[in-house]
Protein chains: 2
Amino acid sequence: MTAMSEQPPAEQPPARSAGGGRPLRADARRNRARVLAAANEVFAAEGLAVPLDEIARRAGVGAGTVYRHFPTKEALFEAVVADRLEALTTVGREALAGITGGADPGEAFFGYLAVVVADAGSKMDLADALVGAGVDLRQDTLAAAAELRGVLGELLTQAQAAAAVRADVDVADVHAVVGAAVAAERTRPADAQPGRLARIIGDGLRTAQAAAGRAAARTSGNGGESAGN
Amino acid sequence: MTAMSEQPPAEQPPARSAGGGRPLRADARRNRARVLAAANEVFAAEGLAVPLDEIARRAGVGAGTVYRHFPTKEALFEAVVADRLEALTTVGREALAGITGGADPGEAFFGYLAVVVADAGSKMDLADALVGAGVDLRQDTLAAAAELRGVLGELLTQAQAAAAVRADVDVADVHAVVGAAVAAERTRPADAQPGRLARIIGDGLRTAQAAAGRAAARTSGNGGESAGN
DNA sequence: GAATATACGGAACGCTCGCCCCGGTTGTCC
DNA sequence: GGACAACCGGGGCGAGCGTTCCGTATATTC
């Protein structure tokens, strides 16, 4: 459905067959890229549940070829997810840079959360990975996740220092909350505007003062405190 | 692991084989009960993913027997879930009665949320059903869910009237938030105290005033605004 | 206690899906 | 352009699981 706007993940350096052999043959390199691209699409659209043959078919390749490049289905999945995580980490770093550049830490933090949730919302694989739906992460993916966690942690610290986020939560909490928001958005197909639930859930992280400020902004202009958000 | 304290679902009237035949044979009735009990345990412990043979084995029964009583695995699953939902609905009604008896609507509402999340946390099947993990609910389950939704809606209305819950959320939002909280609790195995994340996420539903009051209560006594909750 | 409908158990079936293998093809190097 | 190795495709194997079938056992009825 959606998803197609992925640039090929930064073009690996002439691609050696993992471990240190000689450079890959031209067609092998091309096929590997095709598989990766197809996996990106299909995993994003269907999540981990999609059969591997489907990916092979979409890549115009035999199943055997997929297995020559990725030892197992999970390995392929993780390669895709790791890419996604790295992309998100980059975005996070930008947000962080924005703060040192003078941006509001609270807005940076919550904006970033929104980005992550939105991204995971349109990439079922990411959602699966975040919610932990029967997925055991391995080395490389874990590394990518750890890095993202690091950036998230820095953003969190900044936002807490600015009293925009309550002080009694840690990175793990935030991570769980993100997973929760993703899950929530997932249960509610299309009727509501996207991001709404994520915002509600994320509001639980705010300090009371921040929440009050926000509510005031929301209320000024109409009589009650309905609508808006 | 847990789960065993379920009373047999109110003892169906001498159990007729759905549709209006003659009463079930004694052993049939007994086996049906066994299957249901085993399904309760196993689904609670493992979720929908558990193979049906396992349930049959635990019930001391052949697979064929299970299918004579429940046309499909999903039907059995739904029977179990519907029971759970009804139990939760009952608890909700009690909370509602408590309000008319003078209890604080906000506390009643959030207390009920905590109960639901805790229950779903220890019953993987409920969690699966709430999060919607590849489950298509059918008639009876839907009815039970609708009823629960009704009670939840009344509690919500009361809590909103008492200004404990922000006015711009509806039942569907609350339902989604519950699902989210369940998902969150699930991702984080055991390290933190249970219910913590659920509370954080639920806080997003509070009005600013209520949140402020809570934060004040949390802060009075120590210097910052850390710890507590 | 015999007759009969009813229910039981578990082997068997069909299907899906991850993964491997082998005969053929294609890129690469001299 | 020929020889050799690397790679490709897709059929096939085996495991897991939901569901069905049928010969046997058992409750019920008279």
Side-chain angles (χ1 to χ4, degrees), chain A residues 14-39 42-43 46-80 125 128 133-136 138, chain B residues 12 14-36 38-39 42-43 46-80 125 128 133-136 138:
Chain A
R16 318 189 149 262
S17 78
R22 62 184 134 299
L24 281 177
R25 233 170 66 173
D27 54 345
R29 204 162 52 234
R30 194 186 55 222
N31 276 334
R32 185 190 157 93
R34 277 193 194 172
V35 169
L36 225 32
V42 177
F43 278 143
E46 310 274 349
L48 181 56
V50 67
L52 193 137
D53 296 19
E54 171 70 13
I55 296 174
R57 209 177 46 76
R58 282 273 274 263
V61 147
T65 302
V66 176
Y67 278 96
R68 200 163 312 104
H69 288 296
F70 301 92
T72 184
K73 185 192 179 184
E74 277 220 331
L76 175 57
F77 183 75
E78 300 204 11
V80 170
D125 49 357
D128 281 354
V135 195
D136 286 333
R138 290 239 178 302
Chain B
Q12 312 267 107
R16 318 191 148 261
S17 79
R22 62 184 132 296
L24 281 177
R25 230 169 67 174
D27 55 345
R29 205 162 50 237
R30 193 186 55 221
N31 277 333
R32 186 189 156 91
R34 277 192 194 174
V35 168
L36 224 34
V42 177
F43 277 144
E46 310 275 347
L48 181 57
V50 68
L52 193 138
D53 296 18
E54 172 70 14
I55 296 174
R57 207 177 50 74
R58 281 274 274 264
V61 147
T65 301
V66 175
Y67 278 96
R68 201 163 313 101
H69 290 295
F70 302 91
T72 183
K73 184 191 176 183
E74 276 220 332
L76 175 57
F77 183 76
E78 299 204 10
V80 171
D125 50 358
D128 280 355
V135 195
D136 286 332
R138 291 238 179 303

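So you know, we letter chains A, B, ... as the sequences are listed, proteins then strands, and number each from 1. These numbers were taken from a predicted model, which means no experiment stands behind them.
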For the side chain of B/T65, counting heavy atoms from C-beta on, which of C/dG9, C/dG18, D/dT19 is nearest?
C/dG9
For the side chain of B/A28, counting heavy atoms from C-beta on, which of C/dA7, D/dG11, D/dT28 is nearest?
C/dA7
Atom pair distance, as rounded to whole Å: CZ in A/R34 and C1' in D/dC8:
12 Å
Tell me: CZ of A/R32 to P of C/dG27, nearest whole Å?
19 Å
Whole-Å distance separating the CZ atom of B/F77 from the C1' atom of D/dC17:
17 Å
Starting from the 5' end of DNA chain C, give me the residue, B/H69 or A/L52, whose nearest nucleotide shows up first.
B/H69
Nucleotide of D/dG18, C/dG18, D/dG11 approaching A/A63 most closely (side-chain heavy atoms)
D/dG11
Using whole Å, report how far CZ of B/F70 lies from P of C/dA7.
14 Å
Between C/dG10, C/dC19, D/dC7, which nucleotide has the shortest distance from any of its atoms to the side chain of A/D27?
D/dC7
In whole angstrom, give the distance that lies between atom CD1 of B/I55 and atom P of C/dG9.
15 Å
Nearest heavy atom decides the nucleotide; on that basis, is B/R30 or B/P71 closer to the 5' end of DNA chain D?
B/P71
Are any of B/T72's side-chain N or O atoms less than 4.0 Å away from OP1 or OP2 of D/dG18?
no
When rounded to the nearest 0.5 Å, the distance separating CG of A/L24 from NE2 of A/H69 is 7.0 Å
For B/L48, does its backbone N or O pair with a side-chain atom of B/K73 as donor and acceptor, under 3.5 Å?
yes
With a 4.5 Å heavy-atom cut-off, do A/R68 and A/T65 have their side chains touching?
yes
What is the distance, to the nearest angstrom, from the CG atom on A/L48 to the P atom on C/dC17?
12 Å
Nearest heavy-atom neighbours spanning A/L76 and A/A39:
CD1-CB, 3.9 Å
Let me know the distance between CG of A/L24 and C1' of D/dA5, rounded to the nearest Å.
14 Å
Do the side chain of A/R25 and the base of D/dA6 come within less than 3.5 angstrom through a donor-acceptor pair of N or O atoms?
yes
What integer distance in Å separates B/N31:CG from D/dA25:C1'?
13 Å
Measure the shortest side-chain to side-chain distance between B/R25 and B/R29 over non-hydrogen atoms and say whether it is less than 4.5 angstrom.
no
Which nucleotide sits closest to the side chain of A/Y67: C/dC8, D/dG18, C/dC19?
C/dC19
